[in-house]
Number of protein chains: 2
Amino acid sequence: MHEAKGPPRRADARRNRERLLAEAQATFAEHGTRASLEQIATRAGVGIGTLYRHFPTRQDLLEALLGARFDTLTATGRTLLATRPPGPALTEWTHSFVAATTTFRGLTAEVAQPLDDETTRLHASCAAMREVGTELLRRAQESGTVRTDVTPTEFFVLVAGVAWAHEQGLPDSPARVARLLDLLFDGLHR
Amino acid sequence: MHEAKGPPRRADARRNRERLLAEAQATFAEHGTRASLEQIATRAGVGIGTLYRHFPTRQDLLEALLGARFDTLTATGRTLLATRPPGPALTEWTHSFVAATTTFRGLTAEVAQPLDDETTRLHASCAAMREVGTELLRRAQESGTVRTDVTPTEFFVLVAGVAWAHEQGLPDSPARVARLLDLLFDGLHR
DNA sequence: ACCCAAACGGAGCCTACCTCCGTTTCCGGG
DNA sequence: CCCGGAAACGGAGGTAGGCTCCGTTTGGGT
């Protein structure tokens, strides 16, 4: 979906990039987004310098991993848009969103930033994801499943809030997310 | 509400403790909860060793500040309980909660932890606060304003999620929190 | 005025971040 | 095949902040 521009990289460079991404994924999952970059480099069997050449900042590394998630989320959204009625489509996509956003501690915060920050490298794949989400929301509103006065931004902010809340809680039960999202959709009143 | 146990401290120790708390408050407000502790010590005109003697960890320092907020929140809750009808009481208290929890970046995460962690030093004042919140929720439920199947934990988790979401967003408008809390109470459906 | 426990302060060690540059590796042309 | 140089590598070392340890200072009781 992105990358693969400019002159082709050398074979060893490509190989190292892949190893770094794989180890970063594992290490972040284990220690959260603030894990030691030196450790990631070591685990990938490369020097710290190599890590920094490929990913000048921690953000860049996170973004490479996040970009893939955004792309997946975009694809999932398109499928749902085509195959499910508006209401369930939105609900199911929201669950996917929280799941994708929650795989390691601290990720939510990283997601929240590019959501409305135009300058991020990530903005492209994030924007695509956001667009699909917006469309899902719009259709759910059209079909009368969701109140029409909710803006896409408000929707994303609230869902990200739930994702964050879930990320904090130690018992990582899938039932818990489902429950929280139900409460969000149905409201606390009545 | 807490502190003031064991032998009385020496005058200089008490004085330094106050200055540290004041500067910590200011510095955290300015740079978030990850501000440099050395800087706080310097600004308070004491050595770094003194800071660490008073507050062995960053958590301890944060907790000292947080404890005061919790106590305030508890008091506010008691007042609301006595002077307002159940529905508005809960709503207004929730607003106070978000406000108190949002005064500097990263605070929400610190609040979330002791919420269900028994081992924290903070647990006492947190528990009091939580109890008032629970009572406010219970009365709102009794009066028919809030659905009865919402547990206190779910309530706190969701409100903290909104607080976090609000903390992320750069435009720190009070209207935004109000809107998000309205959405949370009324739900996205319909 | 004297004493010593309490409190202070910062040098110094540790860990992690990140840069810089000498060394190694890939790979296309001869 | 091998050779040259561009591309990529790796880690030493400078920087910053966290935290500890211990020699020095000071409050306040007698």
Side-chain angles (χ1 to χ4, degrees), chain A residues 3-65 104-106 109-110 113 121, chain B residues 3-65 104-106 109-110 113 121:
Chain A
E3 69 185 82
K5 43 193 161 221
R9 316 265 112 185
R10 240 167 61 174
D12 53 347
R14 254 179 290 120
R15 204 182 327 123
N16 284 334
R17 187 172 199 280
E18 288 318 305
R19 293 218 50 186
L20 280 167
L21 282 173
E23 293 306 326
Q25 167 65 45
T27 308
F28 285 145
E30 200 170 326
H31 298 106
T33 53
R34 293 171 54 185
S36 157
L37 296 185
E38 318 250 1
Q39 193 188 337
I40 292 172
T42 304
R43 285 176 59 161
V46 305
I48 185 65
T50 298
L51 186 152
Y52 274 97
R53 198 167 335 91
H54 284 286
F55 307 102
T57 71
R58 179 183 297 266
Q59 270 288 341
D60 289 315
L61 185 49
L62 247 6
E63 281 173 6
L65 293 171
F104 35 85
R105 259 173 309 135
E110 302 298 329
Q113 195 171 341
R121 251 164 313 284
Chain B
E3 69 186 81
K5 43 195 160 221
R9 317 265 111 186
R10 238 167 63 175
D12 52 348
R14 254 180 291 118
R15 203 182 326 124
N16 284 334
R17 186 170 201 282
E18 288 318 306
R19 293 217 49 188
L20 279 168
L21 282 173
E23 294 305 328
Q25 167 66 43
T27 309
F28 285 144
E30 199 170 326
H31 298 106
T33 53
R34 294 170 54 187
S36 159
L37 296 185
E38 318 252 2
Q39 190 188 337
I40 292 172
T42 305
R43 286 177 56 162
V46 305
I48 185 65
T50 298
L51 184 152
Y52 275 96
R53 195 166 338 89
H54 284 284
F55 308 101
T57 70
R58 180 185 296 267
Q59 270 287 343
D60 288 315
L61 185 49
L62 248 3
E63 281 172 7
L65 293 172
F104 34 86
R105 260 172 309 135
E110 303 298 328
Q113 195 171 340
R121 250 162 315 283

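Labels below follow one simple rule: chain letters A, B, ... track the order of the sequence lines, proteins then strands, and each chain is numbered from 1.
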Q) Going 5' to 3' on DNA chain C, which nucleotide is the first and which the last to come under 4.0 Å of a heavy atom in chain A? A)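 Range of nucleotides touched by chain A: C/dC17 to C/dC27.
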
Q. Looking at CZ of B/R43 and OG of B/S36, how far apart are the two atoms once the value is rounded to the nearest 0.5 Å?
A.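 Rounded to the nearest 0.5 Å, the CZ-OG separation comes out at 10.5 Å.
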
Any side-chain heavy-atom pair from [X] and [Y] closer than 4.5 angstrom?
| X | Y | value |
| --- | --- | --- |
| A/R34 | A/R105 | no |
| B/Q25 | B/F104 | yes |
| A/R17 | A/L20 | no |
| A/L37 | A/L61 | yes |
| B/F28 | B/R58 | yes |

Q | Closest-nucleotide ordering on DNA chain D, the 5'-leading residue of B/A35 and A/T50 | A | A/T50

Q: With DNA chain D as reference, determine whether B/R58 or A/V46 sits nearer its 5' end, using the nearest nucleotide of each.
A: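 The residue closer to the strand's 5' end, by nearest nucleotide, is A/V46.
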
Q. Which part of the nucleic acid does A/S36 contact within heavy-atom distance under 4.0 Å: base, sugar-phosphate only, or nothing?
A.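 Answer is sugar-phosphate: A/S36 comes under 4.0 Å of backbone atoms only.
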
(Q) Any base atoms under 4.0 Å from A/I48, or only sugar-phosphate, or nothing? Heavy atoms, all strands. (A)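 Result for A/I48 = base.
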
Q. Could you write nucleotides 25-30 of chain D as a row of B, S and -, 5' to 3', where a protein heavy atom under 4.0 Å of any base atom gives B, of only sugar-phosphate atoms gives S, and otherwise -?
A. -BSS--

Q: For A/R53 and D/dG11, give me the distance from atom CZ to atom C1', rounded to whole Å.
A: 11 Å

Q) Of B/D60, B/V46, B/L21, B/N16, which meets side chain to side chain contact (heavy atoms under 4.5 Å, CB included) against B/H54? A) B/N16

